[in-house]
Asker: 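Here you go, one structure.
Just so you know, these numbers come straight off a predicted model, no measurement behind them. Nothing fancy with the numbering, it's 1 onward along the sequence.
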Amino acid sequence: MSETTKNPLSRPKLGLVLTGGGARAAYQVGALRAIAEMLPPHARSPFPIICGTSAGAINAAGIAMAATHFSLGVKQLETVWGNLRTEQVYRSDLAGVLQNTLRCLGSVISSRMAGRPVSLLNNVPLKRLLGRHLPFRGIRRSIHAGALHALGITAWGYASGQSVTFYQGDLNITPWRRAQRIGVPVRIGIQHLIASASIPFIFPAVRVNREYFGDGSMRQLAPLSPALHLGAERVLVIGVNEKKDIDCERVKVTSYPPMAQIAGHVLNSIFVDSLDVDLERLQRINQTLALIPNSEKEKTPSLRPIHSMIISPSEKIDDYVQAHADSLPRTMRYLFRAVGAMKPNGSALLSYVLFEASYCQALIDMGYRDTLRRQDEIYAFITDE
């Protein structure tokens, strides 16, 4: 049976883009819950096009699988995130941590270990968690029911150096190839989500077909591009990083930055910089198109403004970390303390790997509050009123 919908969405317009950020992606669930409350109880997903990267890919898949009943899909995601434990995402027991640590050291000093997956943490439990909670056949059902036009999951190919968007959707969608980024039609599975969420150095790369892939946020030069290629004419982005002030306070430091602080800055640059740049580029293009007479734009239908909106944290997520860091298993507290992540200047790193219910629920609540605060604006954008 083809992937073409029985009741096709002839002109899908609204795309949802869920960015990456490890445990920070819990914020997106709160925002989605608020959006679900704005709609009728049994409404379909308002997003015929859904794209996700890194942990946002997991949320994107969850929404796509339940596109015929949006609020139900959101509730299922909230149930998982609101009850999450570290051991459900990566091994946090002493034996597992020691085994992984020895494997990392062995890869450095022994040629026999070369070529084997190496990472700080072992995320095998995450595969089991996704297998229990994500019915992937639901993607196909959503497409056939006309509630979903396409789902796109982006990962980074280590060998090709390309940002690859694996998508499942209407057969009329044309694969694309641009500089360092391509779109490939597939049937989305666990391996695509795990690959997209494999934060470099923290989680191991995942082999999909002929290549190893890592976190899709790496060098993702155009995070909005997959949604546009899949047919979106308007885009709602739910980010997981608060907006940074232009003026930052310069403080005098007396000691060398700990490993966790350096790693936190690296992860922040991976997960936020390209989105800000892409949104600015989109705004400039829209401003340029506004100067072109309508008669000229009609000659080239592909020239059209793409309206966007972003929902992002109103508070610093790093400030939440210290209040919930002690909820980590004892072994992980020792490990993260060794690299400086348990101190305030290491909060950025910990904010990505603190997969504990209390912390995730706090982020869900923040996303819910932030979205309700802009309820009228967001509802108008979603409904195109």
Asker: Go through the steps to decide whether Leu134 and Leu193 satisfy the test side-chain contact (heavy atoms from CB on, under 4.5 Å), and finish with yes or no.
Answerer: CA-CA 11 Å; Leu134 294 181; Leu193 303 189; 3.6 Å; yes
Asker: Can you sort out the partners of Ala179 under side chain to side chain contact (heavy atoms under 4.5 Å, CB included), two or more places apart, ordered by chain and number?
Answerer: none
Asker: Which distance, rounded to the nearest 0.5 Å, do you find between the CH2 of Trp156 and the CD of Glu211?
Answerer: 9.5 Å
Asker: Who pairs with Phe213 by ring pair (Phe, Tyr, Trp, His ring centres under 6.0 Å), at least two apart in sequence or on another chain?
Answerer: Phe166
Asker: How about CZ on Phe381, more than 12 heavy atoms from neighbouring residues, nucleotides or ligands closer than 6.0 Å, or not?
Answerer: yes
Asker: Are Val208 and Val164 packed together at the side-chain level, in the sense that at least one heavy-atom pair is separated by less than 4.5 angstrom?
Answerer: no
Asker: When rounded to the nearest 0.5 angstrom, what is the spacing between CG in Leu39 and CZ in Arg44?
Answerer: 13.5 Å
Asker: Listed by chain and number, what are the side-chain hydrogen bond (donor to acceptor under 3.5 Å, both in side chains) partners of His229, not counting sequence neighbours?
Answerer: Ser225
Asker: So which heavy atom on Gly62 is nearest to which on Leu77, and how close?
Answerer: CA-CD2, 4.3 Å
Asker: How many angstroms lie between atom CZ of Arg234 and atom CG of Leu14, to the nearest 0.5 angstrom?
Answerer: 5.0 Å
Asker: Apply side chain to side chain contact (heavy atoms under 4.5 Å, CB included) to Asp319 and list each qualifying residue two or more places apart in sequence or on a separate chain.
Answerer: Lys316
Asker: Asn123 versus Pro204: any side-chain heavy-atom pair under 4.5 Å?
Answerer: yes
Asker: Do Asp376 and Tyr379 have side-chain heavy atoms sitting under 4.5 Å apart?
Answerer: no
Asker: Would you say Ser54's side chain and Ala197's backbone share a donor-acceptor pair under 3.5 angstrom?
Answerer: no
Asker: Could I get the full list of ring pair (Phe, Tyr, Trp, His ring centres under 6.0 Å) partners for Tyr167, not counting sequence neighbours?
Answerer: Trp176
Asker: How does the hydrophobic cluster around Leu372 look, that is, which other residues are in it when side-chain heavy atoms under 4.5 Å mark a link?
Answerer: Tyr368
Asker: Minimum heavy-atom separation for Ala66 to Ser142, with atom names?
Answerer: N-OG, 4.2 Å
Asker: Under the rule for side-chain hydrogen bond (donor to acceptor under 3.5 Å, both in side chains), what residues qualify as partners of Ser71, not counting sequence neighbours?
Answerer: His69
Asker: Sorted by first residue and then second, give each ring-ring contact (aromatic ring centres under 6.0 Å, His included) pair with at least one member in residues 20-39; sequence neighbours left out.
Answerer: none
Asker: Indicate yes or no: at least one non-hydrogen side-chain atom of Thr165 is less than 4.5 angstrom from one of Cys51.
Answerer: no
Asker: Taking the side chain as every heavy atom from C-beta outward, state whether Ile143 and Arg140 have any pair of such atoms under 4.5 Å apart.
Answerer: no
Asker: Within a strict 4.5 Å, meaning less than it, do heavy atoms of the Ile58 and Val80 side chains meet?
Answerer: no
Asker: Shortest non-hydrogen contact from Met332 to Tyr90?
Answerer: CE-CE1, 3.6 Å
Asker: Tell me the side chain to side chain donor-acceptor pair (under 3.5 Å) pairs involving residues 321-334, sequence neighbours left out?
Answerer: Gln322-Ser347, His324-Ser358
Asker: Listed by chain and number, what are the side chain to side chain contact (heavy atoms under 4.5 Å, CB included) partners of Gln361, not counting sequence neighbours?
Answerer: Glu78, Ile364, Asp365
Asker: Can you name the closest pair of heavy atoms from Asp318 and Ser351 and give their distance?
Answerer: OD1-OG, 3.7 Å
Asker: Can you measure from OG1 (Thr371) to CZ (Arg33) and round to the nearest 0.5 angstrom?
Answerer: 10.0 Å
Asker: Ala25: what forms a side chain to side chain contact (heavy atoms under 4.5 Å, CB included) with it, not counting sequence neighbours?
Answerer: Gln28, Ala55, Asn59, Trp81
Asker: Could you check whether any side-chain N or O of Asn122 sits under 3.5 Å from a backbone N or O of Arg91, counting only pairs where one atom can act as donor and the other as acceptor?
Answerer: no
Asker: Begin with the C-alpha distance, continue with both residues' side-chain angles, and end with the deciding distance and a verdict on side-chain contact (heavy atoms from CB on, under 4.5 Å) for Thr68 and Arg141.
Answerer: CA-CA 9 Å; Thr68 56; Arg141 283 202 303 263; over 6 Å; no
Asker: Begin from the C-alpha positions of Thr19 and Thr53 and carry the test side chain to side chain donor-acceptor pair (under 3.5 Å) through to its verdict.
Answerer: CA-CA 5 Å; Thr19 63; Thr53 304; over 6 Å; no
Asker: Any side-chain heavy atom of Ile202 within less than 4.5 Å of one from Asp215?
Answerer: no
Asker: Ignoring hydrogens, what is the shortest heavy-atom contact between Ala23 and Leu354? Give both atom names and the distance.
Answerer: CB-O, 3.6 Å
Asker: Determine whether a donor-acceptor pair (N or O, by modelled atom type, separation under 3.5 Å) exists between the side chain of Glu356 and the backbone of Thr86.
Answerer: yes
Asker: Are Ile63 and Ser45 close enough, and set up right, to give a side-chain contact (heavy atoms from CB on, under 4.5 Å), and what steps lead you there?
Answerer: CA-CA 8 Å; Ile63 295 300; Ser45 168; 4.2 Å; yes
Asker: Would you give the length of the straight line joining atom CD1 of Ile50 to atom CG of Leu18, rounded to the nearest 0.5 angstrom?
Answerer: 7.5 Å
Asker: Closest heavy-atom contact between Pro48 and Leu148?
Answerer: O-CD1, 3.5 Å
Asker: Apply side-chain contact (heavy atoms from CB on, under 4.5 Å) to the pair His149 and Ile173, showing each step before the final yes or no.
Answerer: CA-CA 9 Å; His149 183 71; Ile173 298 173; 3.6 Å; yes
Asker: Give me each pair satisfying side chain to side chain donor-acceptor pair (under 3.5 Å) with a member in residues 127-137, each pair once, sequence neighbours excluded.
Answerer: none
Asker: Just so I know, are the side chains of Leu16 and Leu32 near enough to count as touching, which here means a heavy-atom distance under 4.5 Å?
Answerer: yes
Asker: Atom NE2 in His307, atom CD in Gln283: separation rounded to 0.5 Å?
Answerer: 12.0 Å
